[in-house]
Amino acid sequence: MCGIVGAVAERNVVEILLEGLKRLEYRGYDSAGVALLQQDGTLSRIRRTGKVQELADAVAEGEALGTTGIAHTRWATHGGVTEKNAHPHFSPERVAVVHNGIIENYQSLRESLTSKGYTFTSDTDTETIAHTVHEELKSGCALLAAVQHSVKQFHGAYGTVIMDKEDPSRVVVARSGSPLVIGLGLGENFIASDQMALLPVTRRFIFLEEGDVAEITRREVNIFDKDGNPVERDVVESNIEHDAGDKAGYRHYMLKEIHEQPTVVRNSLQNRVDDNGLTADIFGPGADEIFRDVKHVQIIACGTSYHAGMTARYWLEQYANVSCGIEIASEFRYRKSVVHENSLLVTISQSGETADTLAALRLAKELGYMSSLTICNVPGSSLVRESDLAFMTRAGAEIGVASTKAFTTQLTAFLMLTLALGEHNGISAEDKTSIVSSLHSLPAKLEETLAITQGIEDLAEEFADKNHSLFLGRGDQYPIAMEGALKLKEISYIHAEAYASGELKHGPLALIDEEMPVIVVAPNNELLEKLKSNVEEVRARGGIMYVFADKDAAFSSDETMRVINVPHCEGPIAPIIYTIPLQLLSYYVALIKGTDVDQPRNLAKSVTVE
Ligand code: M6R
């Protein structure tokens with residue numbers, strides 16, 4: 001989703017801004033722009049639809065020089081993908097603004113500002129920020145005060161950075177609902193919506209809190225809370241690899257991230273699970289005390305993270321004897337729900353910034369959940385900071401919009417949570433041993449599974465000309481079928497649906513013909529015979545099937561069914577293992593179709609608006 005970079009320095013900041021935007025490309029966007037306070041005192045701006053490279057080419061054609069500047073990648077919400085709607089937005093000749101989020105009362109602001117003589121040149125909500133600040137400046141206050149007065153008039157979400165041509169030594173930034181991080185340099189300071197943007201220039205960051213407004217100059221950062229009181233915020237040293245943005249020889253980030261899964265799952269387990277089970281305090285100090293009283297778990301997430309939560313429900317109820325509910329965050333936050341006694345709220349998020357999940361967490365706090373835990377991949381993110389407990393998945397930076405390694409590490413985390421909650425709710429010795437030993441075998445099993453790539457590349461050839469597909473699974477493989485369908489649709493644009501295969505005869509069987517490939521996930525588990533009956537139902541109606549099956553599951557290829565053997569695995573890790581071939585299938589289909597694998601159309605990596 002939209003990205004922000006800003007800088008106040010002694011040197012020309014153009015390259016810093018453009019490099020920052022490139023490093024935010026993975027978040028998804030459709031246009032980009034940069035504004036500079038030029039050394040001759042003028043305010044300049046270049047905007048382009050399309051890729052950051054097109055903006056960089058346009059910048060290179062001129063003489064872009066400025067020591068204070070802001071830049072933005074836009075993911076359209078209000079107003080189409082056009083140059084006039086790209087940020088930065090100006091209020092005539094004085095104020096420049098970039099903004100992530102949505103100003104919900106922009107219509108009324110627009111009417112009021114128009115009546116004061118302002119002319120709107122875009123269809124965006126953001127332009128109201130520029131004119132509102134301009135109006136405040138006209139009353140004679142400084143930029144900081146103008147922004148503090150302005151934000152009181154905004155309803156909605158914003159992470160915004162504002163420059164005033166009359167005061168080129170500073171930018172003022174405000175955060176409410178959309179993250180902003182200040183980067184601290186030597187004699188220069190920076191602002192961005194994501195620390196990734198600033199890693200080439202600093203590793204020292206301040207994460208702004210909700211309601212903060214900050215004034216950033218070359219030498220100083222002054223932060224004020226939502227009531228206008230000066231506050232100190234912690235400085236955090238980032239340990240994210242500077243080169244996390246490299247493809248390491250792979251054609252796409254997604255393929256690199258698929259192949260990183262054995263390593264990141266190993267990292268995720270390191271020092272957390274030994275031969276006897278979990279090591280101490282892996283969910284943080286005080287977690288064990290909280291877990292002792294947990295009688296119900298309510299999981300909230302979106303997209304791929306939601307599928308991880310769905311899988312976890314099977315595990316928590318089967319092994320840990322804890323009742324569990326799971327809901328999509330955007331539904332949970334807008335309905336009245338009943339809080340179970342001693343209920344732990346668990347949010348899952350790769351980014352830690354998903355607007356709906358964050359809103360659901362805030363609502364849950366008001367509703368009286370006994371405690372909140374987030375399973376997250378980004379240290380310092382909003383979900384991590386606002387939850388009582390945080391468990392980091394250690395997947396490393398995930399750049400491809402399609403989530404892969406974040407998902408498998410989330411599942412790994414949930415198996416650890418199953419052990420932790422099971423300890424207090426009578427997990428059987430047999431189940432505990434089975435989970436622990438299967439977790440130990442997991443990284444090697446993932447490596448083995450990645451080796452079946454060739455068969456999947458061939459399968460993708462047969463698949464790529466289809467327009468629709470159906471994914472089937474049962475039990476804890478049903479969410480994996482859903483995740484497989486999501487991966488395929490988001491990167492190959494092939495319509496894909498997933499069903500619990502017991503549901504076939506209740507409707508989807510009507511869709512079956514030779515134009516609707518059916519993908520089946522078939523580990524050798526207690527539901528295998530049931531699944532085989534569902535396979536026969538499809539076969540009897542002329543369906544063409546692609547079955548990812550345990551070699552002992554006794555499926556064999558014939559004219560209506562192609563079987564791809566998946567390494568045998570013991571214990572509950574099968575959903576993690578069967579995710580791999582489905583990720584690879586989507587990847588190779590997308591490759592054949594020539595889509596933008598890492599930045600699929602219309603999608604964003606971090607969904608910071610609702
Ligand atoms: O950052 P989050 O895990 O909270 O993101 C939630 C979804 O937007 C995300 O999982 C999305 O569905 C994936 N990019 C799909 O691959």
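Source: prediction; values computed, not measured. Read the numbers this way: they start at 1 and go in the same order the structure lists the ligands and their atoms. Every heavy atom of this structure was used, including side-chain atoms; hydrogens, water molecules and symmetry mates were not.
Ligand 1 places these atoms under 4.0 Å from at least one heavy atom of Ser305: 2 (P), 3 (O), 10 (O). Taking every heavy atom of Ala402 and a limit of under 4.0 angstrom, the matching atoms of ligand 1 come to 16 (O). Close contacts of ligand 1 with Ser349, meaning ligand atoms under 4.0 Å from a residue heavy atom, involve 1 (O), 2 (P), 3 (O), 4 (O).
Of the possible polar contacts, none joining the Gln298 side chain to the Val339 backbone as a donor-acceptor pair under 3.5 Å is found. Using modelled atom types, no side-chain atom of Asp125 and backbone atom of Tyr106 make a donor-acceptor pair closer than 3.5 Å. Within the 3.5 Å criterion, the main-chain N or O of His99 finds a donor-acceptor partner in the side chain of His87.
Contacts between Glu353 and ligand 1 below 4.0 angstrom, taking non-hydrogen atoms only, are absent altogether. By the criterion of a heavy-atom distance under 4.0 Å, the side chain of Thr354, and not its backbone, is placed next to ligand 1. Of all the heavy atoms of Lys487, the ones lying under 4.0 Å from any atom of ligand 1 belong exclusively to the side chain.
Side chains of Lys489 and Ser469: no donor on one and acceptor on the other come within 3.5 Å.
Taking the charged nitrogens against the carboxylate oxygens, Arg385 and Glu210 have no contact shorter than 4.0 Å, which rules out a salt bridge.
For atom 15 (C) of ligand 1, the closest non-hydrogen atom of the protein is Glu490 OE2, 3.0 Å. Atom 1 (O) of ligand 1 has Ser351 OG, 2.7 Å as its closest protein atom, hydrogens excluded (heavy atom only).
Note on ligand 1: Thr357 sits outside its first shell, no heavy atom being nearer than 4.0 Å.
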